[in-house]
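Computed over heavy atoms, backbone and side chain alike; hydrogens, waters and symmetry mates excluded. Counting convention: from 1, in listed order, for ligands and their atoms alike. Values in this document were obtained by computation on a predicted structure and should not be read as measured data.
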Amino acid sequence: MTVVNPLDIAPIQGSVSAAEWQARVDLAACYRLCDRYGMSDMIYTHITARVPDAPDQFLINPNGMLFSEITASSLLKVTIEGDILYRPDTPYGLHPAGFTIHSSIYRARPDAMGVMHTHTVAGMAVSALKCGLLPLTQTATRFYGRIAYHDFRGPERDPSEREALARSIGRHNYCILRNHGMLTIGESVAEAFIAMWGMERACQAQLQAMACNTELEMPSEDVVAKSCATYEHGSRRYGLLEWPGLLRQLDRTDPDFRS
Ligand SMILES: [Zn+2]
């Protein structure tokens with residue numbers, strides 16, 4: 001009997017557009033970085049990128065590959081209506097909840113080019129707090145007042161959930177899925193990743209501070225407003241400065257994400 005290695009995936013560079021290939025490389029890098037920085041949940045959750053030259057299509061992980069195994073050629077290509085246009089020769093298909101969540105955003109938000117969803121312990125814990133993410137730290141003020149909250153109604157497999165999620169998110173780029181996890185939207189995968197990294201750190205800091213059983217020092221409303229405004233009108237897009245260094249880090253240790 002021949003044993004097929006599910007990770008033995010034929011490279012597809014050259015058979016897709018240069019724009020799609022670049023999106024594939026960046027998205028594969030994002031999966032590796034998500035895992036490296038402690039934000040993966042085995043095979044669960046999903047990160048996606050819109051295909052730049054085919055706006056009704058997006059790339060998503062094959063359901064069954066660890067985030068540390070994802071490569072540019074392994075990513076599925078699907079339409080926002082759910083047709084699978086490319087699937088590598090593996091046993092792994094499209095995760096229904098992943099499709100529901102991400103297609104909802106690509107349908108409703110033409111500006112969304114990358115979407116990241118996590119189930120980190122800190123993100124799930126803050127998603128279960130009525131107060132949500134508080135402006136307790138400078139990092140948190142980058143997100144405070146700009147986060148959408150979406151109520152939990154069970155795993156997102158029902159197509160009707162797409163409209164409900166899009167309504168909850170509106171024009172926001174950050175979302176806490178109550179009793180579930182977190183989600184970020186970016187004009188690139190890099191932007192979605194850096195936003196998630198910041199939200200994750202803010203959640204971790206809030207939980208550690210709240211666990212200390214002592215009075216918390218909350219910045220004044222004026223200071224919070226000033227800090228929020230500084231971030232909102234910042235002089236640079238997050239991800240542009242950070243991403244090349246993160247790719248260099250991967251190239252030193254995990255260069256096969258580019259295959
Ligand atoms: Zn989820």
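Looking at H102 and H95, their side chains never bring a donor and an acceptor atom within 3.5 Å of each other. A donor atom on one side chain and an acceptor atom on the other are not found under 3.5 Å apart for Q208 and Q204.
Closer than 2.8 Å to the Zn ion (ligand 1) sit the protein N, O or S atoms H117 NE2, H119 NE2, H180 NE2.
A salt bridge does not link E69 with R32: every distance from a Lys NZ or Arg NE/NH1/NH2 to an Asp or Glu carboxylate oxygen is 4.0 Å or more.
No donor-acceptor pair closer than 3.5 Å links the side chain of E232 to the backbone N or O of C228.
When all heavy atoms of N63 and L94 are compared, the pair lying nearest together is CB-C, 4.5 Å.
For the atom pair CG of L27 and CE of M116, the computed distance is 10.0 Å after rounding to the nearest 0.5 Å.
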